[in-house]
Every structure is written in structure tokens, then in C-alpha cells.
Amino acid sequence: MEEEQSVAKLPLIEAECSARLGISNIDYDQDQHGGVGSLDSAGAPVETRSTAVLCICTFAAACAAFTGGCLASYSSLAESGIIADLGLTVAEYSVFGSIMTGGAMLGAVISGRMTDFIGRRRTLWVLDIFYIVGWLAIIFAEGAWLLDLGRLSLGIGFGLTCYVGPVYLAEITPKNVRGLLMSISQSMTGYGASFTFLVGSFVTWRSLAIIGCIPSLLLLLALFFIPESPRWLIGVGLMVVQTSDGLCGFLFYMSEIFDSAGISSTLGFILVAVVQASATGQCLGCFLTGLSYFLQDVDWWKEASPILALIGVLVYMGSYAFGMAQIPWIVVSEILPINVKGSAGTLCNLVNWFCSWVVSYTFNYSFSWSPTGTFFIYAGMCGFGVAFIAKLVPETKGRTLEEIHASLTHIMQ
């Protein structure tokens, strides 16, 4: 009984490692206070082994997120090549670009129940199968139907990733490194998009799909070595703010934005890939992009409008990669209590991808109506997000999940 209580006091990752390695009676409190660390029966430090497993777990979640970033920006880079090679119409390509969000909504609907029913690790297996099948379908596509099927499959995988990745890491990592490791993993979505923007400027759309499949294969390898993993208004609000601010409009149709603003798409994509390492504000980025089109509308200072559009896109993508790309998923995985995590997490995931679909589906229509109005609306949503976060979202750094839950009760009173 004492051995079970000792293991129960450990973070879940140490408990899992000790169970798998047959280790018992680990003095974790001594390790925390500067002790030399416990040894297993073979004399190997437990801390070393658990750290290795934890790194592999983080790597697996990072591969899944990186693949999501690659597929999100893929349609923007591949547009001209696919239309030229396969003879797709603009309408057909719009379906290809937006069908990913439909798949992601489907993945979101099943994500919570699936992770509860078959476990976090097995869900990672399922989403990776969707990733690999999706990329292969695009690589070998000779017509619109296989392209759409592949992107739909990728969307399902990404929808599952957005939920199970943060939840898995939140449940297996100790609180002192939880935020760091989850941030590293979730930031891979932005890095995946950056990588695709950079590489996609120099390779064909089929080659880009082959490259995009590589992280999925790395994830497949990592899954053999990772263990199984043993709150609502705010979560939904974060998902609305994250995706209603125009991200999918920027990602899916960036080439159209650059071309209509008089900027070289290749130059724009390369700069986007570089600037995603910094952040200065999505609201400012949307405002500057809208301002550039306003200057064109009033026929004033037209020579500066392309520069403003480029700066706006760079500022927006950089700020998104730094904050909103990963933080909402981290917060949602931390604030939901265990008894409703499956259903509430599914709802948050579904809201996220529904808003993504709305933005991606309506972007071409709203952009045709008024480019200025479109980006000013997105700027307004970003401003709403700032107020929402300042008022309702709690700080989670360095706190246990129970402490976070208690603070939410105080905020909502």
C-alpha cells in the first residue's frame, strides 16, 4: 500500500515509467529538493529514463502539430501548380482549400469521445493514419476528387490533433515543465506553416506533399515508444477568438492577397516564413492590411499600399505564431475538469473548426465585396479577443490543474 501511495504522488510520467520498468518506492520528493535521484534495479537513474520518455512524447505531439501547420498552408502554395497541372477551376480549388476545415470539424466531433474510449495514444495512431493517407492521396492525385479526399483526410487528422495533442501532454507532464513542453509542441503548427511557405516557393506541389508527409512518418515511429496517458465557456470563447480573426483567410488564400496587392507571392511567402519567429499583434496586422486596401480605394498614396499589405500580413502571421496558434489549446487542455474533458473538449474543438470553416468559406466572397471591410472586421474580432482574454482567461503558469480549476470558479462568480 505504501508503494502505491508513493507512486501516486509522482507526476503521471514518472508513475508510468516506474510501472513499466518495475520500479517501486521512488523518493521523488528527495529528487525535487536536490537529491541525487533514485535508481532502478539495474542502477539506471529513474529521472533519466522518465525524461527520455517525456521528450519522445513531446516529439510525437510536435510532429502531429507540425504536420497540421504544413497542411494548413499547403493550399496557398500549391494553388497555381495544381490549377495548371490538373485543370481545376477556381470553384473546384476553393472546395479543395476549404474542405480541410470540414474534415477538421468531423475530427473535432469525434475527438473527445475517441480519446476517452480508446485512449490518447491510440488516438494518435488514428490521426497519423489519416495524415499519411491524406498526403498519399494528394501525391498521387490526377483529378479533383482524390485531391479533395486527401485534404479531407488531412483535416480529420488535424481536428483530432488539436484536441488530443495538448490533452495528452497536459496529463503526462509535471507542472513545472508542462507549459514549456506544451508550448514547444503547439508552436510546431506555426513552424510547420513557416517551413511550408519557405520550401513551397521552390518545389512543385507534389514534392511539397511528399515533404509534408515526412513528419507523419516520424510520428509513426515515435508512437512505438510513448506510454498511454493514465473547463467550457472560456474554452469555447478562446476557440472563437482564435479562428474568427481571419487566420484561414490569410493561410488559405495568401497568394491572392499578395497578387491583388501587387506583391510577388514568392517574396511574400519567404518573408512570412522568416517573420513567424516574432510577434507584434494580430489586430495591428489586420488593420494595416485593411488600410493598404483603403488607400487603393481612395486612390491616395497608392505606391505605399503594397508595402503596407506586406507588413500587415507579416505582422499578423508573426503574432499568431507567437501566441494564439498554441496558447488557446494549452489553456483549454488545462482548465477542463476530468469529468467533462471529453465532451467539453470536443465542443471547443468543434467551435474552433466551425469558425475556421466560416472564415475560409466566406473569405473570397467578403474579399470580393470589400478587401478593406474584410480586414477591418478581422481587426475588430482581434480587439474583441484582447478584451475577452483580459477579462476571463486565468493564468495557468506554474499551477496544478486543481488550482486552475479553483481559480475559474472564482472568476465566474
Side-chain angles (χ1 to χ4, degrees), residues 9-18 20 28 31-32 37 45-69 111 115 119-121 123-124 127-128 158 160-195 215 218-219 221-230 235 238 242 276-277 279 320-336 338 341 345 348-349 393-405:
K9 293 178 182 179
L10 303 178
L12 291 180
I13 186 65
E14 281 80 5
E16 176 69 26
C17 291
S18 62
R20 288 196 168 213
Y28 182 68
D31 291 344
Q32 283 186 319
V46 173
E47 182 180 355
T48 301
R49 295 199 179 191
S50 62
T51 300
V53 175
L54 188 57
C55 289
I56 297 175
C57 293
T58 304
F59 176 76
C63 285
F66 191 91
T67 302
S111 61
T115 54
R120 278 53 164 159
R121 181 170 177 261
T123 303
L124 287 169
L127 70 86
D128 197 38
F158 198 17
L160 291 169
T161 296
C162 289
Y163 177 74
V164 69
V167 168
Y168 180 66
L169 286 182
E171 292 177 347
I172 68 170
T173 52
K175 69 175 184 178
N176 59 313
V177 295
R178 186 179 67 231
L180 172 63
L181 295 183
M182 292 178 67
S183 295
I184 292 174
S185 172
Q186 291 304 104
S187 66
M188 289 298 109
T189 301
Y191 292 133
S194 297
F195 177 80
L218 294 176
L219 170 59
L221 179 63
L223 288 174
F224 287 100
F225 302 98
I226 66 174
E228 176 57 81
S229 170
L238 280 172
Q242 185 194 38
Q276 281 194 338
Y320 183 84
F322 184 80
M324 292 299 288
Q326 65 264 10
I327 292 177
W329 296 111
I330 295 173
V331 173
V332 166
S333 68
E334 293 177 327
I335 66 174
L336 298 177
I338 191 66
K341 179 166 286 189
C348 293
N349 202 358
V393 178
E395 177 59 68
T396 63
K397 179 180 179 181
R399 306 168 74 180
T400 65
L401 300 183
E402 292 75 16
E403 291 171 340
I404 295 170
H405 191 196

Next item on the list: For residues Tyr168 and Thr115, determine if any side-chain heavy atom of one lies less than 4.5 Å from a side-chain heavy atom of the other.
Entry: no
Check: At their closest point, which heavy atom of Ile226 faces which heavy atom of Leu223, and how far apart are they?
Finding: CD1-CD2, 3.6 Å
Check: Roughly how far, to the nearest 0.5 Å, is OH of Tyr163 from CZ of Arg120?
Finding: 5.5 Å
Can I get a per-line list of side-chain donor-acceptor pairs under 3.5 Å for residues 56-68, giving both atom names and the distance, sequence neighbours left out?
| from | atom 1 | to | atom 2 | distance (Å) |
| --- | --- | --- | --- | --- |
| Thr58 | OG1 | Leu54 | O | 3.0 |
| Thr67 | OG1 | Cys63 | O | 2.9 |

Checklist line | Partners meeting side-chain hydrogen bond (donor to acceptor under 3.5 Å, both in side chains) with Thr161 (sequence neighbours left out) | finding: Tyr131
